[in-house]
Engineer: 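First, the structure itself, so that you have it in front of you.
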Amino acid sequence: MSTEIRGLNEECGIFGIWNHPSAAQITYYGLHSLQHRGQEGAGIVSTDGVTLKGHRNLGLLADVFKHGELDDLVGKSAIGHVRYATAGGKSLSNVQPFLFHFQNSSLALAHNGNLINAQTLRQELEEEGAIFQTSSDTEVLAHLLKRSQTGSFVEDLKVALNKVKGGFAYMLLTENELIAALDPNGFRPLSIGKIGDSYVIASETCAFDTVGAEFVRDVEPGELIIINDDGLHIEKFTEDVKHSICSMEYVYFARPDSNIAGINVHSARKRMGKRLAQEAFVEADVVTGVPDSSISAAIGYAEETGIPYELGLIKNRYVARTFIEPSQELREQGVKMKLSAVRGVVEGKRVVMIDDSIVRGTTSRRIVQLLREAGAAEVHVRIASPPLAFPCFYGIDIQTRSELIAANYSVDEICRIIGADSLTYLSEDGLVEAVGKPYPDEPYGGLCMAYFNGDYPTELFDYEKEYLASLEAESR
């Protein structure tokens, strides 16, 4: 597996709107509410029905559009994207939406997810004469689309979508249509909303609240959503579907005011905390959560145990998430800048620190240290998800088992490494029950739990040999 392709797994946010006089501005506000999904690049493409025009750059959304660039993006329809990249993928050429100009038309393309057969497809396309302008797996779809010769854009897209494998929520914009597609497992969330006569599609429903849109429905796995001046039409590009919603969306990524598959994220996290309290009670004086994604679980833990919830940790709002920093050095520095322990709350107290997950252990170790430096008598760490021990190949920056602390150490060993007095994780069953089984008749209630147990809902294609080899090496 080439470093280039492997370095492009990303958790992103996409937003699109059709038939609104302020399409680019609405897209900007929608993307702003999705900024937590990526802070390294942003872009918007709009159309006036004749031409497509876009602007994109590295940085936060507000920085990318701070010099009046939105004013140039005229038209009644637009799509936008916020992204982060891992090491090797942070360049302007990879910032989306991509904008392609053909002889008689144009196409803008945005993607949230990761293709697990991107390397194979790219190699085949290059052998056929394709010239790639980026190192992003997103560009593969555009090449496949242009090589299909059915005579219909939608049918060409269906052919292309059946060739790409993995996790994908696509958004495409042409002069006369806005199209969205979700992979056959529905790994990434994607929803449809409406503002008057305008249709909106977004990665999370929190964007609808920001722009004043009314929720219509979720996009289902294998669906193609086609929006044009005739309205909204729904087609299928495959019938071979199985719900496998990324469980980490509920645990960490999504905003607490979003709903995924009809389940509110805050409520799910609160139930995770309650279940964690039932599974891993410990005598303590205060409960505190690591801001922001663990606050809901901490409240649930406190309510279930009767131990008071306190703001024992305060977040600096001007520092990005350390989970998605592209290097270990930046993660270390980011933790030091991001959090402060409140001495008046934790000094002399037995503290239960609730966090959503432990990935590499860097953040947890530093937070435990912060609490001890602030005078905490004991620090008991409780994690509102199972041990994260397997890589994700569908769009989260977890590439190998070697970088996952739970894949290499026991719970007792991790407890010693992070310096806690005790450490307990939520069970797999506990997580599934807490989320609420959005699709109760499907495995794990419709969730992807592969990060915790290695039970991948698809073939791994390009990653298969390397992944199996890594497992074999670890077993020696």
Side-chain angles (χ1 to χ4, degrees), residues 36 186-189 191 203-206 209 215 218 243-284 286-313 323 351-359 364 380-389 396 406 411 422-453 455:
H36 60 285
F187 290 111
R188 303 285 138 233
S191 300
S203 290
E204 292 186 36
T205 60
C206 64
D209 299 327
F215 173 80
D218 291 317
H243 290 93
S244 303
I245 301 169
C246 173
S247 53
M248 287 298 287
E249 291 284 356
Y250 290 104
V251 171
Y252 176 80
F253 276 112
R255 245 174 55 165
D257 52 337
S258 289
N259 297 328
I260 303 174
I263 294 173
N264 174 252
V265 172
H266 163 72
S267 299
R269 289 176 183 166
K270 195 173 176 183
R271 289 192 295 269
M272 291 173 204
K274 287 180 176 289
R275 180 64 179 255
L276 188 58
Q278 295 164 8
E279 295 182 1
F281 173 79
V282 63
E283 293 285 351
V286 297
V287 175
T288 192
V290 179
D292 287 313
S293 52
S294 305
I295 298 297
S296 302
I299 293 171
Y301 190 98
E303 285 187 4
E304 186 71 13
T305 60
I307 302 171
Y309 169 77
E310 296 282 358
L311 285 175
L313 294 163
F323 178 91
V351 179
V352 179
M353 184 194 94
I354 308 293
D355 207 350
D356 47 64
S357 58
I358 299 179
V359 182
S364 299
H380 300 277
V381 177
R382 296 294 180 266
I383 304 300
S385 64
L388 221 166
I396 294 179
V411 174
S422 70
L423 167 66
T424 308
Y425 291 83
L426 182 63
S427 67
E428 286 183 44
D429 287 344
L431 176 57
V432 171
E433 294 292 336
V435 170
K437 295 184 177 180
Y439 301 94
D441 296 331
E442 300 192 50
Y444 308 111
L447 301 180
C448 177
M449 296 285 287
Y451 331 101
F452 312 118
N453 59 21
D455 186 5

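Remember, it's a predicted structure, so these values are computed and weren't measured experimentally.
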Engineer: Would you mind writing out the side-chain donor-acceptor pairs for residues 442-449 within the sub-3.5 Å range, not counting sequence neighbours?
Structural biologist:
{"unit_1": "Glu442", "atom_1": "OE1", "unit_2": "His243", "atom_2": "N", "d": "2.8"}
{"unit_1": "Glu442", "atom_1": "OE2", "unit_2": "His243", "atom_2": "ND1", "d": "2.6"}
{"unit_1": "Tyr444", "atom_1": "OH", "unit_2": "Asn453", "atom_2": "ND2", "d": "3.2"}
{"unit_1": "Tyr444", "atom_1": "OH", "unit_2": "Asp455", "atom_2": "OD2", "d": "2.7"}

Engineer: Please confirm whether the backbone N or O of Ala277 pairs with a side-chain atom of Thr305, one donor and one acceptor, at under 3.5 Å?
Structural biologist: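 Between the backbone of Ala277 and the side chain of Thr305 there is no qualifying donor-acceptor contact (under 3.5 Å).
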Engineer: Taking all atoms of both residues into account, what is the closest heavy-atom pair of Ile245 and Ala261, and its distance?
Structural biologist: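 Scanning both residues, the minimum pair turns out to be CD1-CB, 3.7 Å.
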Engineer: So Met272 and Val251, side-chain contact (heavy atoms from CB on, under 4.5 Å) or not? Walk me through it.
Structural biologist: CA-CA 9 Å; Met272 291 173 204; Val251 171; 4.2 Å; yes
Engineer: Apply side-chain hydrogen bond (donor to acceptor under 3.5 Å, both in side chains) to residues Ser422 and Arg382 and explain how you reach the verdict.
Structural biologist: CA-CA 8 Å; Ser422 70; Arg382 296 294 180 266; 3.0 Å; yes
Engineer: Provide the closest heavy-atom pair for Ser296 versus Arg269 in the form atom of the first, atom of the second, distance.
Structural biologist: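 The pair with the smallest heavy-atom distance is CB-CB, 3.6 Å.
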Engineer: Within the side chain of Arg271, is there an N or O that forms a donor-acceptor pair under 3.5 Å with the backbone of Val435?
Structural biologist: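 At least one qualifying donor-acceptor pair exists.
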Engineer: Does Glu249 come within less than 4.0 Å of Arg188, counting only side-chain N to carboxylate O?
Structural biologist: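 A salt bridge links Glu249 with Arg188.
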Engineer: How long is the span from the CD1 atom in Ile260 to the OG1 atom in Thr205, to the nearest 0.5 Å?
Structural biologist: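 Output value for this atom pair is 7.5 Å.
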Engineer: Write out all pairs satisfying salt bridge (Lys or Arg N to Asp or Glu O under 4.0 Å) with one or both partners inside residues 254-265, taking only residues at least two apart or from two chains.
Structural biologist: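 Applying salt bridge (Lys or Arg N to Asp or Glu O under 4.0 Å) to every pair that reaches into residues 254-265, excluding sequence neighbours, yields Arg255-Asp257.
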Engineer: Rounded to the nearest 0.5 Å, how far does CG of Asp355 lie from OG of Ser293?
Structural biologist: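 These two atoms lie 6.5 Å from each other.
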Engineer: Looking only at heavy atoms, which two atoms of Gly430 and Glu279 are closest? And how far apart?
Structural biologist: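 Distance-wise, the nearest heavy atoms are CA-OE2, 3.7 Å.
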Engineer: Can you tell me how far CZ of Phe215 sits from CG of Asp209, rounded to the nearest 0.5 angstrom?
Structural biologist: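 Separation between the atoms: 11.0 Å.
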Engineer: Check whether any side-chain N or O of Tyr301 sits under 3.5 Å from a backbone N or O of Gly289 as a donor-acceptor pair, and report yes or no.
Structural biologist: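 Here the side-chain-to-backbone pair does not exist.
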Engineer: What's the separation between atom NZ in Lys270 and atom CD in Glu304, rounded to the nearest 0.5 Å?
Structural biologist: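 Rounded to the nearest 0.5 Å, the NZ-CD separation comes to 11.0 Å.
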Engineer: Looking only at atom types and distance, does a side-chain atom of Ser294 sit under 3.5 Å from a main-chain N or O of Asp356, one as donor and one as acceptor?
Structural biologist: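 Yes; at least one donor-acceptor contact below 3.5 Å.
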Engineer: Which heavy atom of Ala280 sits nearest a heavy atom of Thr424, and at what distance?
Structural biologist: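 Reported closest heavy-atom pair: CB-CG2, 3.3 Å.
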Engineer: Please test Ile358 against Leu423 for side-chain contact (heavy atoms from CB on, under 4.5 Å), starting from the C-alpha separation and ending with a verdict.
Structural biologist: CA-CA 11 Å; Ile358 299 179; Leu423 167 66; 4.1 Å; yes
Engineer: Looking at Glu310, is its backbone amide N or carbonyl O close enough to the side chain of Thr288 to form a donor-acceptor pair, meaning the two atoms are under 3.5 Å apart?
Structural biologist: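 Checking the backbone N and O of Glu310 against the side chain of Thr288, a donor-acceptor pair under 3.5 Å is found.
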Engineer: Given side chains that start at C-beta, do those of Glu428 and Val432 come closer than 4.5 Å, heavy atoms only?
Structural biologist: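 No - every pair of side-chain heavy atoms lies 4.5 Å or more apart.
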Engineer: What distance separates Leu388 CG from Ile396 CD1, expressed to the nearest 0.5 Å?
Structural biologist: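 Answer for the CG-CD1 pair, Leu388 versus Ile396, is 8.0 Å.
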Engineer: Rounded to the nearest 0.5 Å, what separates atom OH in Tyr451 from atom OH in Tyr252?
Structural biologist: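 Output value for this atom pair is 14.0 Å.
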Engineer: side-chain contact (heavy atoms from CB on, under 4.5 Å), that's the test. Do Tyr250 and Leu431 meet it? Break it down for me.
Structural biologist: CA-CA 10 Å; Tyr250 290 104; Leu431 176 57; 5.9 Å; no
Engineer: Any side-chain heavy-atom pair from Met248 and Phe187 closer than 4.5 angstrom?
Structural biologist: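 They are not in side-chain contact.
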Engineer: Could you walk me through whether His380 and Phe281 pass the side-chain contact (heavy atoms from CB on, under 4.5 Å) check?
Structural biologist: CA-CA 10 Å; His380 300 277; Phe281 173 79; over 6 Å; no
Engineer: Can you confirm whether Asp218 sits close enough to Pro189 that some side-chain heavy atom of one is under 4.5 Å from a side-chain heavy atom of the other?
Structural biologist: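 No - every pair of side-chain heavy atoms lies 4.5 Å or more apart.
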Engineer: Considering all heavy atoms of both residues, which atom of Asn264 and which atom of Pro256 are nearest to each other, and what is their separation?
Structural biologist: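 Closest pair (atom of Asn264, atom of Pro256, distance): ND2-O, 3.2 Å.
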Engineer: What's the shortest heavy-atom distance between Pro387 and Ala406, and which atoms?
Structural biologist: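 The pair with the smallest heavy-atom distance is CB-CB, 3.7 Å.
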